[in-house]
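What follows is a set of notes on a single structure, which appears directly below.
To find a chain, count down the sequence lines: A is the first, B the second, and so on, and within it residues start at 1. What you see below is based on every heavy atom in this structure, not just the backbone, and it leaves out hydrogens, waters and symmetry mates.
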Amino acid sequence: AQSVTQLDSQVPVFEEAPVELRCNYSSSVSVYLFWYVQYPNQGLQLLLKYLSGSTLVESINGFEAEFNKSQTSFHLRKPSVHISDTAEYFCAVSDRARDDKIIFGKGTRLHILP
Amino acid sequence: NAGVTQTPKFRVLKTGQSMTLLCAQDMNHEYMYWYRQDPGMGLRLIHYSVGEGTTAKGEVPDGYNVSRLKKQNFLLGLESAAPSQTSVYFCASSYSRGGAYNEQFFGPGTRLTVL
C-alpha cells in the first residue's frame, strides 16, 4: 500500500530564511503528489500539486516542490519565509494506477522565528 | 459559493451519548470524505462516499456510521461516544477520487470532546 513519510514533525526557521520540508512516498509506477497547508484553526487547503509534465511545480505564494522519481521524493521549498507562512504542511500522494484514495503524511509544523 | 461547511463547530459529549456531524458542499462534487485529525497522527480517513447513496469504510471506521442520502450532504454519526473519539473532524469533497481532478476541498472542522 502507498505510504507517505514526512521526516520532520516540526521545523523552526528564522523569518526571511530558506526552508525545505521533506516528503518521501513509497514507490509506485505512477502517482499524483500534493502539498496541503493548514493555517491555525482552519481546514486544509491545496498549496500545489504535481500531476504530470514539469517536475518543478510552484504555488502562488512562493513555494515550490520538485518531483524526484528516482528518490521518490516531493520536497517543498521556499527561498525566504514570512511570518504568515506559519502553518502545518501535509504531503499527500494518490496512486494513479490503482485509482486509490489520497494518502496524507503526518504533517510538518513550520514555526517562523522573528 | 460556500464551499464545504460543517455543523457544529464545537461539541462536548459525555461518554455514551450520540451525535451527528453534518457536512454540506455546494460544488456538485461526487466524492465526499470524513477524516479525523489527532496530534502526531496526521489525517486518518474514517469513511467516504463516491456518490449519492453510497458509502465505504476508510482507515478507522469503527465506532462511526455515515449516510449520503443527498449528493450535497454527508453525515457522520457517533452512536455511543467514547473518549478515544475526542478529535477534530474534517469533511472534504472532490470531483473524483482518483485522477487529475482529485484535489480535496476541506471544511473548517468540528472540534469534538468526549468526557
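Residues B:Leu22 and B:Asn73 form a side-chain contact, since some pair of their non-hydrogen atoms from C-beta on lies under 4.5 Å apart. Taking 4.5 Å as the limit, some side-chain heavy atom of A:Leu76 sits within range of a side-chain heavy atom of A:Leu48.
With respect to A:Glu20 and A:Arg77, a salt bridge is recorded, a charged nitrogen being found less than 4.0 Å from a carboxylate O.
Contact of A:Gln6 with chain B is not made at all, since no heavy-atom distance falls under 4.5 Å. Contacts of B:Arg44 with chain A are absent, with no heavy-atom separation under 4.5 Å from either backbone or side chain. With a 4.5 angstrom heavy-atom cutoff, B:Gln37 touches chain A only via side-chain atoms. Heavy atoms closer than 4.5 Å to chain A are found in the side chain of B:Tyr35, but not in its backbone.
Each of A:Gln10, A:Arg109, A:Lys106 was evaluated against A:Glu88; a single residue qualifies, A:Arg109, per the side chain to side chain donor-acceptor pair (under 3.5 Å) test.
Using a 3.5 Å distance cut-off with no hydrogens or angles, the side chains of B:Asp38 and B:Ser87 do pair a donor with an acceptor.
Contact count against chain A (heavy-atom pairs under 4.5 Å) is highest for B:Gly40 among B:Ala92, B:Gly58, B:Gly40, B:Gly109.
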